[in-house]
Amino acid sequence: MKITIFGSGYVGAITGIGLAKLGHKVEIVDIDKSKISQWNNGTPPIYEIGLLEYLNEYKTSGSISFTTRSSQESKFYFIAVGTPTIEGGNSANLDFVYSALDNIIKVSSKDSIIITKSTVPVGTNKKMQEYVNEVSAGKNLKIVSNPEFLREGNAFSDFFNPDRIVLGSDSLETSKEVSKLYKTLELSSNLTKPIQYLFTDFQSAELIKHASNGFLAIKLSYINDLARYCSLVGADVSDLSKGMGFDPRIGDRFLLPGPGWGGSCFPKDSKELLFSANKVDTDLPVLCAAIESNKAHKVWCGQQISKIAIEKSILKIGILGIAFKAGTDDSRESSAYDLIDILSVNKFELSLHDPKAFDFSNTDLKITNSFNDLMDILDTVEGIVINTEWTEYYNLDWGKILNKDNIKFVIDLRNITPRLEHQNLYRIGYNI
Ligand code: UGA
């Protein structure tokens with residue numbers, strides 16, 4: 001099948017490459033010329049595990065192309081553009097979605113299907129369907145909401161082994177047509193379980209996406225709340241998570257405490273869910289509390305570091321990990337920036353390291369990326385904070401690092417260090 005995808009970011013590119021692997025001919029369109037030339041030069045603007053290998057394979061075979069102008073006549077058009085929160089607001093900016101839609105209306109032929117992958121507020125796809133009915137009545141264009149559930153850092157394995165494929169529209173027949181795009185997934189050896197297809201109306205599909213992210217955010221805020229409590233009563237949150245996770249009704253995933261959840265999805269989607277509920281005079285108090293808890297937890301982490309550093313008369317602190325989680329170069333809404341803000345106000349000298357992340361924020365501090373940079377930081381700082389759970393940090397010899405003369409503390413906000421009983425090791429939910 002011929003498929004055109006608008007948006008070459010984390011969602012559009014992974015979906016496009018995945019669909020090419022499933023045997024489709026995919027064209028990826030982005031208005032950003034420099035991004036498109038990066039894709040075409042083989043130096044993608046994003047990092048994702050497996051991306052380069054898949055990209056080279058499918059570009060060489062001609063089944064995927066990147067362009068600033070759509071030229072392929074496709075039956076299926078995916079919208080996978082960004083929906084950032086409106087500056088200073090609580091809801092998503094849909095300008096890019098509508099601009100992609102206008103483009104599709106122009107280039108598409110009769111009976112094409114437009115599939116929304118971008119995460120949009122409830123009610124958007126219905127309005128998009130009304131819009132295309134109004135402005136291009138003769139073309140019989142159909143909209144289908146097909147939310148994405150990919151996690152950055154695991155995006156390809158999530159694409160090839162999905163937990164579910166949700167398709168929402170006002171026509172079951174059209175949704176079923178879209179489901180056929182994924183049919184060859186079932187032949188793949190990567191699949192560990194049968195694919196669950198769920199056909200719904202527009203609004204339910206949109207809400208499944210927001211509510212899933214909201215639920216996971218609640219789960220994480222709960223374990224982070226408990227982490228702060230554990231250290232006060234002499235419990236270890238790592239054992240608590242494990243013990244709770246054995247209960248299949250709870251499950252062990254998304255139960256690891258950390259420095260506070262971030263990324264381009266949980267913060268934005270939980271705010272959006274709350275905002276859209278408020279618009280119809282409903283509040284979601286549990287979600288609301290989870291958001292507040294996360295804000296407070298990030299501040300608490302910064303304050304704990306400051307307290308320990310002041311007690312030990314320390315000035316130079318190294319922050320390991322700027323990405324909002326391991327496996328990605330993305331640092332949007334990363335807890336690292338909350339830590340940097342709090343520690344900068346308290347006048348600490350900071351050194352930042354991350355194997356992949358570059359800077360999305362306004363901080364003037366440089367993020368260093370190489371292993372040598374990491375070694376320099378370990379030799380020169382007096383205190384270390386682990387913010388991101390990169391394997392590179394996990395694999396360090398923490399026993400040796402803790403015994404270095406210059407190191408007065410290691411504060412592990414991800415609990416990736418071995419459980420050593422060392423007076424300078426602080427693990428979240430254990431002794432901080
Ligand atoms: C999330 C969802 O997990 C995906 O299903 C969804 O498709 C995606 O948002 C999206 O809406 O596009 P992602 O933002 O890539 O994926 O990241 P997650 O793996 O969900 O992590 C979110 C945050 O929770 C990170 O800050 C991470 O460090 C934190 N986390 C996660 C923990 O602190 N502990 C855990 O046990 C798991």
Side-chain angles (χ1 to χ4, degrees), residues 7 9-15 18 46-49 80-85 92 116-121 146-159 161-166 205-227 237-238 240-242 244-245 250-273 290-291 293-294 297-298 301 321-339 354 357 386-390 412-416 428-429:
Y10 290 96
V11 177
I14 308 302
T15 306
I46 56 168
Y47 170 76
E48 178 62 45
I49 295 161
V81 294
T83 51
T85 305
T116 313
K117 273 271 164 210
S118 303
T119 303
V120 293
N146 174 210
E148 62 85 21
F149 299 102
L150 311 176
R151 289 162 301 160
E152 288 176 25
N154 290 280
F156 284 109
S157 62
D158 286 346
F159 183 90
N161 198 19
D163 292 326
R164 74 289 215 194
I165 293 178
V166 175
E206 291 161 337
L207 265 187
I208 287 168
K209 170 63 194 262
H210 272 128
S212 299
N213 277 358
F215 183 81
L216 292 170
I218 290 168
K219 198 172 176 188
L220 291 176
S221 282
Y222 185 56
I223 201 68
N224 284 337
D225 288 349
L226 288 168
V237 75
S238 299
L240 178 68
S241 295
K242 209 184 269 174
M244 286 169 68
I250 298 173
D252 60 355
R253 294 170 74 189
F254 278 74
L255 216 47
L256 298 178
W261 41 268
S264 64
C265 305
F266 283 7
K268 176 170 84 79
D269 292 356
S270 50
K271 257 199 265 174
E272 177 68 61
L273 182 55
I291 296 170
S293 152
N294 195 47
H297 183 71
K298 286 176 169 181
C301 288
I322 304 302
F324 78 96
K325 64 170 181 178
T328 180
D329 56 354
D330 194 347
S331 63
R332 283 175 287 178
E333 300 270 348
S334 171
S335 53
Y337 294 118
D338 299 78
L339 300 183
D354 191 284
I386 303 171
N387 177 64
T388 313
E389 72 283 21
W390 284 104
D412 183 357
L413 298 175
R414 294 284 187 171
N415 289 349
I416 59 168
I428 189 165

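Source: prediction; values computed, not measured. Both ligands and their constituent atoms are indexed starting at 1 by order of listing. Computation of the quantities below employed the complete heavy-atom set of this structure, encompassing side-chain atoms and omitting hydrogens, waters and symmetry-equivalent molecules.
Here the straight-line distance linking atom OG of S264 with atom OH of Y10 works out to 8.0 Å at 0.5 Å rounding. The CZ atom of R414 sits 9.0 Å away from atom CD1 of I428, with the distance rounded to the nearest 0.5 Å. The line from CZ of R151 to OG of S157 is 6.0 Å long, rounded to the nearest 0.5 Å. Summarising the geometry, atom CD belonging to E48 is positioned 4.5 Å from atom CD1 belonging to I14; distances are rounded to the nearest 0.5 Å. Interatomic distance, S335 OG to K325 NZ, rounded to the nearest 0.5 Å: 13.0 Å. Note that the CZ atom of F149 and the CG atom of D158 stand 11.0 Å from one another [nearest 0.5 Å].
If you check which protein heavy atom lies closest to atom 2 (C) of ligand 1, you get N213 OD1, 3.5 Å. Nearest non-hydrogen protein atom to atom 1 (C) of ligand 1 is F266 CE1, 3.5 Å. The single protein non-hydrogen atom nearest to atom 17 (O) of ligand 1 is K325 NZ, 3.1 Å, given as residue, atom name and distance. With hydrogens left out, the protein atom closest to atom 10 (C) of ligand 1 is C265 SG, 2.9 Å, a heavy atom. Of the protein's non-hydrogen atoms, the one nearest atom 4 (C) of ligand 1 is L150 O, 3.5 Å. The nearest protein atom to atom 15 (O) of ligand 1, hydrogens excluded, is given as E152 N, 2.8 Å; this is a heavy-atom distance. Closest to atom 3 (O) of ligand 1, if we only count protein heavy atoms, is R151 CG, 3.4 Å.
Using a 4.0 Å cut-off between heavy atoms, T328 makes no contact with ligand 1 at all. At a heavy-atom distance under 4.0 Å, atoms from both the backbone and the side chain of E148 approach ligand 1. Contacts of D269 with ligand 1, taken as heavy-atom pairs under 4.0 Å, involve the side chain alone. By the criterion of a heavy-atom distance under 4.0 Å, the side chain of R414, and not its backbone, is placed next to ligand 1. When heavy-atom distances to ligand 1 are checked against a 4.0 Å cut-off, L256 comes that close through both its backbone and its side chain.
Against a heavy-atom cut-off of under 4.0 Å, L255 is close to the following atoms of ligand 1: 36 (O).
Proximity annotation for atom 14 (O) of ligand 1: of F149, W261, F324, F254, F324 comes nearest, heavy atoms only. For atom 32 (C) of ligand 1, the nearest non-hydrogen atom from the set T388, L220, L216 belongs to L220.
An N or O contact shorter than 3.5 Å is missing between S264 and ligand 1 by distance. Checking only distances, K209 does come within under 3.5 Å of ligand 1, N or O to N or O. Residue-to-ligand polar distances place G262 within reach of ligand 1: an N/O pair is separated by less than 3.5 Å.
For K219 (side chain) and R253 (main-chain N/O), a donor-acceptor pair under 3.5 Å exists by modelled atom type. Panel note: side chain N387, backbone G321; a donor-acceptor pair is recorded below 3.5 Å. Side-chain N or O atoms of K268 include one that pairs as donor or acceptor with a backbone N or O of T83 at under 3.5 Å. In this structure a side-chain-to-backbone donor-acceptor pair under 3.5 Å is present from E272 to A92.
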Q: Go through the steps for Y337 and I322 under the test side chain to side chain contact (heavy atoms under 4.5 Å, CB included), then give the verdict.
A: CA-CA 8 Å; Y337 294 118; I322 304 302; 3.5 Å; yes
